[in-house]
Colleague: 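First, the structure itself, so that you have it in front of you.
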Amino acid sequence: MKILGIETSCDESACSIVEDGVSVLANTVASQIDIHTKTGGVVPEVAAREHVINMLPVLDECLLQAELGWDDIDAVAVTRGPGLISSLIIGTETASVISYVKKKPLIPVQHIVGHVYSNWLEAETEVQFPILVLTVSGGHNELLLMRDHNQFELVGETRDDAAGEAFDKVSRILGLGYPGGPKIANAALSGNEKAFDLPRSMLEKDSLDFSFSGLKTSVLNEFKTYVASNNIKNQEELPDKFRNDLAASFQKAVNDVLSNKVMRAYDMFDFVKEVHLAGGVSANLELRKLLIEKLPTTVKFRHPSSIKYCTDNAAMIASAGYFLYQKNPEDFGVENISPSTSFSINY
Ligand code: KG4
Ligand code: ZN
C-alpha cells in the first residue's frame, strides 16, 4: 500500500510516498531554515506564507521522484496537529483537496505519533513490541510505552520545557543561532563538558517526568556572570572557548538526564523488547552514544535510520498513517479535515 504523507506543522513543507509503512519511495522537503535564521526562530505568519508558496512544487517533485501517478497512491496521511495552526492549515487543506478530488482515504496523524513511526522507516529488521519510546523534540518530550500499533501509554513527560526547546534557547543565549540543536552539538565538539557544573534535575525518586527550566536558567546565570566579570558588551565578543565549554556542559547535562530517565523507565518496564529514540533531538550523536553505553545489549536500541527522519518529515507521517489504516481501514474515507492544535494521542 502506497501512502502519500504531508507534513507542515512548523517550518518544513514536506511530502513523502512510503510503501507499507517502511519503504520510502520519495521524500521531498522545502526547508525554511535560511529565512528563520534571520529572526532567530520561526515567525508563524512568515512560515505559513512560505508553505503556501512551497506546498504544490514539493508535492509535484515528490510524485516525480517516486515516478508515480495519482492512480498509484492508495491514501493520503497528513499531520493534523499539534503545531502552528497557520502552518498546519496548509497541509490539511492540501490533503483534503487531494482526498476529495482524487477520491483517496484521508488519514489524520498526530505529530508525535508520526515521530514514533520514524523508527520504522527503512528499518533493517522488523520492529518488535513492546517498545519504550523517548520522543524528544522542540515542542514535546515524553516517554511512551507502546504495546502494539497505535497503543500508547504515557509514562513520563516534561513539566516545563522540552529538551529541544532548551537546546534552542541556550543556543540563542550563546549567540549560536537557529536551529539550536545542531549548533550546540557542533560547538560542543570543541568544548569541555566538565567545564561548568550544571544541574541535572531527576525530580522525585520514581518520576519519569522531565524538567529543563532549571538547567536553562543555570546556563543563563553562567552567561550573565561571565559577561559581567569580563565586561562583554555583546554576544559576538564571547570567546569561542567559553561558548564551546558551556555548550558542551549543557549538552552533557541534558543527555545525562534523558539517558538516565530512559534507564529508570527501562528498570520499571524491563519486559520491553526495544528502546526507541525519536524526534529532532534523536539527531544528537552524543545522546545516542550514551544510550548505547547504558542499555544492555539484550534490548534492541533504535534511532531513525537517517538524520532526515529525526527532524520533521513527511515519511514518518505516511508510515504512521499506514499502520493506523491497517488497524481499522473502515475508519477512513474521503474527508475534509481541519487542523487542530490540541489534537492529542489516544492514551
Ligand atoms: O522534531 P522537530 O524537528 O520539531 C518538533 O516537533 O519540535 O525537532 C526540532 C528540535 C529543535 O529544538 C532542534 O534544536 C532539535 O530538534 N535538534 C537537535 C539536533 N537537531 C535538531 N537537538 C540536539 N541535537 C541535534 N543534533
Ligand atoms: Zn516534530
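Numbering of ligands and ligand atoms starts at 1, following listing order.
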Colleague: Taking 2.8 Å as the cut-off, does an N/O/S atom of Cys10 lie below it from the Zn ion (ligand 2)?
Modeller: no

Colleague: Do you reckon Tyr322 sits in the same ILVMFWY cluster as Phe152, going by side-chain contacts under 4.5 Å, direct or chained?
Modeller: yes

Colleague: Distance only, no hydrogens: is a donor on one side chain within 3.5 Å (strictly under) of an acceptor on the other, for His111 and Glu7?
Modeller: yes

Colleague: For residues 330-346, which side-chain N or O atoms pair as donor and acceptor with protein atoms under 3.5 Å away, sequence neighbours left out?
Modeller:
unit_1 : atom_1 : unit_2 : atom_2 : d
Asn336 : OD1    : Ser96  : OG     : 3.4
Ser340 : OG     : Ser342 : N      : 3.3
Ser340 : OG     : Phe343 : N      : 3.1

Colleague: Would you say Val170 and Phe210 are hydrophobically clustered, going by side-chain heavy atoms of ILVMFWY under 4.5 Å?
Modeller: yes

Colleague: For the Zn ion (ligand 2), decide whether His111 has an N, O or S atom at a distance under 2.8 Å.
Modeller: yes

Colleague: Going by atom types only, do Asn192 and Lys241 share a side-chain donor-acceptor pair under 3.5 Å?
Modeller: no

Colleague: Provide, line by line, the atom pairs where ligand 1 and the protein bring an N/O atom each to a distance under 3.5 Å; else say none.
Modeller:
unit_1   : atom_1 : unit_2 : atom_2 : d
ligand 1 : 1 (O)  : His115 : NE2    : 2.9
ligand 1 : 1 (O)  : Ser137 : OG     : 2.7
ligand 1 : 1 (O)  : Gly280 : N      : 3.1
ligand 1 : 1 (O)  : Asp312 : OD1    : 3.1
ligand 1 : 3 (O)  : Asp312 : N      : 3.0
ligand 1 : 3 (O)  : Asp312 : OD1    : 3.2
ligand 1 : 4 (O)  : Asp312 : OD1    : 3.2
ligand 1 : 4 (O)  : Asp312 : OD2    : 3.3
ligand 1 : 6 (O)  : His111 : NE2    : 3.1
ligand 1 : 6 (O)  : Asp312 : OD1    : 3.4
ligand 1 : 7 (O)  : Gly138 : N      : 2.9
ligand 1 : 7 (O)  : Gly139 : N      : 3.1
ligand 1 : 12 (O) : Gly164 : O      : 3.0
ligand 1 : 12 (O) : Asp168 : OD1    : 3.4
ligand 1 : 12 (O) : Asp168 : OD2    : 2.7
ligand 1 : 14 (O) : Asp168 : OD1    : 2.7
ligand 1 : 14 (O) : Gly181 : N      : 2.8
ligand 1 : 24 (N) : Asn284 : ND2    : 3.0

Colleague: Distance under 6.0 Å and angle within 45° of the ring axis: does Lys103 meet both against Tyr100?
Modeller: yes

Colleague: Hey, any chance Leu176 and Val227 share a hydrophobic cluster, counting ILVMFWY side chains that come within less than 4.5 Å of each other, even indirectly?
Modeller: yes

Colleague: By atom name, which N, O or S atom belonging to Asp312 lies closest to the Zn ion (ligand 2)?
Modeller: OD1

